[in-house]
Asker: 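The structure is given below, and queries will be raised subsequently.
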Number of protein chains: 4
Amino acid sequence: MSPRTEKQLAEHRTAKREQIVSDALFLFATRGYFNTSISDIAKEVKMSKGLLYSYFENKEQLLNAAIDFALKEATELNLTEDQLKELTPKEIIKEIIEGFFTVLEEKKELWSLIVSLAIHVGSIPSVHTTISKVYKDLTLQLQELFVSMGHPDPENEAFKLGALIDGIGIQYMVFGESYPLRKIKENIINGYMNQKK
Amino acid sequence: MSPRTEKQLAEHRTAKREQIVSDALFLFATRGYFNTSISDIAKEVKMSKGLLYSYFENKEQLLNAAIDFALKEATELNLTEDQLKELTPKEIIKEIIEGFFTVLEEKKELWSLIVSLAIHVGSIPSVHTTISKVYKDLTLQLQELFVSMGHPDPENEAFKLGALIDGIGIQYMVFGESYPLRKIKENIINGYMNQKK
Amino acid sequence: MSPRTEKQLAEHRTAKREQIVSDALFLFATRGYFNTSISDIAKEVKMSKGLLYSYFENKEQLLNAAIDFALKEATELNLTEDQLKELTPKEIIKEIIEGFFTVLEEKKELWSLIVSLAIHVGSIPSVHTTISKVYKDLTLQLQELFVSMGHPDPENEAFKLGALIDGIGIQYMVFGESYPLRKIKENIINGYMNQKK
Amino acid sequence: MSPRTEKQLAEHRTAKREQIVSDALFLFATRGYFNTSISDIAKEVKMSKGLLYSYFENKEQLLNAAIDFALKEATELNLTEDQLKELTPKEIIKEIIEGFFTVLEEKKELWSLIVSLAIHVGSIPSVHTTISKVYKDLTLQLQELFVSMGHPDPENEAFKLGALIDGIGIQYMVFGESYPLRKIKENIINGYMNQKK
DNA sequence: AATGAATGAGTTTTCATTCAT
DNA sequence: AATGAATGAAAACTCATTCAT
């Protein structure tokens, strides 16, 4: 009713868009992509299907937006660039591992969606690039850290840590609350902390 | 004159059934369960939909058959009971790890299906029990081996090895042929072989 | 500018819904429930199958709606409560019989559907309750009328009149226009009018 | 294994045919025509579908055979021609009514099938002739009896008795065992017995 | 004579997407 | 900007009928 400036409108649209993506992500992750209909999403966002289609060309594009969003949320550290500079590689690795476990505990669906898409990476072509890029980036980041720690085989170690993280996510999905998430976290972190250097 | 060698018919049916399961498994694993239609499977097996339904009551039952098949193939060792008895725990673990890598290289789809189901384990109820049981069994088996190796924290170590194995599977899906599967295998096996005891 | 007269939409939907029910009833009654496909109905209503399913969850629910509709139309008298109070039991029975014959002549399908369902009452569970309830209600209503007419065996007489009515409906289906519906009506009514009291 | 004469073979075929018809009738009547598959029938008769098709060209032909069979069974009196000659019209009517009630009690399905087909008489064309012929025959037979009883309006009375009989069948289907079949039978018979002449 | 494997058209139902209002 | 009615293609599943053996 009140007149809006162009800017306000644009902001409103951006906010709405994010809400759609976030709700869609939740549904995709909990029910699976094919088990979630556009109608379901529209209902969740409390918005008509028609309007939803003014934000995203089609379901696949919305999926990609959801993946982007999930990956950003899941891999973002709770540290600023400045804080990062003051840490040793060992400490950064600790931060990464802890960050991962936090996401796993607090935003289960994020990982559920990411991993399930990682596996069926080939079945929806447009998804492939996005997912595999993130895996490569993450592995490279770990690899560099191991290099600076003077690890004898950094590439190998980066792959192994990455695998361990994904695998724990899967076990957590399968075993549910009976899985000793905390204990395993301690164990892994200690493993890296006690390495020479 | 008689209605044709009864036994041959039964054998033919068994063989056909296995072919269906194997083809369905391939499609489920590469394209995803919901993305694979019964028509797709019928086309793959070169058989009418109707006939397919004389083998399996519905799509979900076929999925369960595929999972059974995948789990059996994927977890079966190439050793007889007798051979197993002559090995030390360390050597058995080596066998298990090697067996897993072999499956991963030779029957990619098996792992792809299993893991993808493991993640969305809740969305198809009839699947839940089967999958989580296998995860539990496998973890227990590893745990016992670590116990007999005198490992200080066998449960933890069993979870970690299980996670590592799953995670490597995922990375292999994402990175494809560029993934240094062999090298990582050597590295992991060496890691376990060099442990005290 | 506003999303279009909300009320009109709702009214339109109600009207459309009634049209579907009425057309479906006609097809169910003339061709049988199992012999009428959703496609047939959609074609009759000139509407896509998809839209039809936005009105009724499934075929069985549409059948139940058709039964409700048929029962209401078929058992409703053309009299108001007030008019009813001024009539003697004998006159009410006359009204009931005449009402039945009117429905039979003017809305053949109504009775056709009801009776055909009455017979196979067990084969579609959700239908059973509805149908048998109406039969019970109607019989009781007749019974009470015979009681107040001082009939020596009201229950028996109620069953007999009910049976007569159903049976005439069937004969009318079988014999078609050659059946002397009017004459039989007169005869039955006279029979009841001439009874003592 | 033992050699058969042509005659024995033919007899065997006739017997088998009758068994098929009788079993099919039972299934059609209890589950409905469209709810009974050829496979169901083959299973009931313990015979392959292929062989079944050597007896009947198609499902519709089998239905017609079942109707024929049902009508014969349902309308046949337990009296010989000779016995019939010695009865008065009144007594014959009594026999007919009692015969009907016996069938209703002992072979529920017969009536269930006949009536349900009578109603949907139009939906399967080949059935129409058969059914309506029997209704005509029966009505005529009753009419003649009422003529010889000197009834003032024999046609009307014949229709009414026919209708009553069908209607009672329907009520029996709907109300089940709670329906006072016996009592109603007595009442109807008494009604006709006490008529003057 | 007898089997049941095999087919394919048909059925109910769902859902991404478009469009009049 | 916003709605949800409307469409149509595709999915899972069934079954009468045919045919090789």
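Scope of the values below: all heavy atoms of this structure, side chains included, with no hydrogens, waters or symmetry mates. Reminder, nothing fancy here: chain letters follow the sequence lines and each chain counts from 1.
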Asker: Establish, yes or no, whether the cationic atom of Lys59(A) lies under 6.0 Å from the six-membered ring centre of Tyr33(A) and within 45° of the ring axis.
Answerer: yes
Asker: Take atom CD of Glu57(B) and atom P of dC15(F), then tell me their distance rounded to the nearest Å.
Answerer: 13 Å
Asker: Between atom CG in Leu63(A) and atom P in dA16(E), what is the gap in whole Å?
Answerer: 12 Å
Asker: Testing the basics here: between Ala65(A) and Arg17(A), what is the closest heavy-atom pair and its distance to 0.1 Å?
Answerer: CB-NH2, 4.1 Å
Asker: Just checking Ser48(C): base, sugar-phosphate only, or nothing, at a heavy-atom cut-off of under 4.0 Å?
Answerer: base
Asker: For Tyr55(C) and dT14(E), give me the distance from atom OH to atom P, rounded to whole Å.
Answerer: 17 Å
Asker: Indicate, yes or no, whether a donor-acceptor pair under 3.5 Å links the base of dT14(F) to the side chain of Lys49(B).
Answerer: no
Asker: Look at the side chain of Tyr53(A) and decide which nucleotide, out of dA6(E), dG10(E), dT17(E), has an atom nearest to it.
Answerer: dT17(E)
Asker: Over how many whole Å does the gap from Phe34(A) atom CZ to dA11(F) atom P extend?
Answerer: 11 Å
Asker: With nearest nucleotides of DNA chain E determined for Lys46(B) and Lys16(D) from heavy-atom distances, which residue corresponds to the more 5′ nucleotide?
Answerer: Lys16(D)
Asker: Who does dA20(F) pair with, Watson-Crick or G-U, both distances under 3.5 Å?
Answerer: dT3(E)
Asker: Over how many whole Å does the gap from Lys43(D) atom NZ to dA2(E) atom C1' extend?
Answerer: 18 Å
Asker: Hey, does the side chain of Thr36(A) reach the backbone of Arg31(A) with a donor-acceptor pair shorter than 3.5 angstrom?
Answerer: no
Asker: Could you check how far CZ of Phe56(B) sits from C1' of dT14(F), rounded to whole Å?
Answerer: 18 Å
Asker: If you go through the side-chain atoms of Lys59(C), does one of them form a donor-acceptor pair with the base of dT11(E) closer than 3.5 Å?
Answerer: no
Asker: Just by distance, do the side chain of Thr30(C) and the backbone of Phe26(C) share a donor-acceptor pair under 3.5 Å?
Answerer: yes
Asker: For Asn35(A) and dA12(F), give me the distance from atom CG to atom P, rounded to whole Å.
Answerer: 12 Å
Asker: Looking at the side chain of Ile38(A), which of dA16(E), dT3(F), dT7(F) is the nearest nucleotide?
Answerer: dA16(E)
Asker: Which sits closer to the 5' end of DNA chain E, Leu52(B) or Thr36(C), going by the nucleotide each is nearest to?
Answerer: Leu52(B)
Asker: Below 4.5 Å, heavy atoms only, C-beta onward: do Val21(B) and Tyr55(B) meet side chain to side chain?
Answerer: no
Asker: Assuming nearest nucleotide by heavy-atom distance, tell me which of Ser39(D) and Gly50(D) is located more 5' along DNA chain F.
Answerer: Ser39(D)
Asker: Can you measure Glu60(D) atom CD to dC15(F) atom P for me and round it to whole angstrom units?
Answerer: 18 Å
Asker: Applying a 4.0 Å non-hydrogen cut-off, can you work out what Leu51(C) is touching in the nucleic acid: base, sugar-phosphate, or nothing?
Answerer: base
Asker: In terms of the nearest nucleotide of DNA chain F, which residue is placed more toward the 5' end: Arg13(C) or Ser37(D)?
Answerer: Arg13(C)
Asker: Tell me which nucleotide, if any, is Watson-Crick or G-U wobble paired with dG8(E) when both distances must be under 3.5 Å.
Answerer: dC15(F)
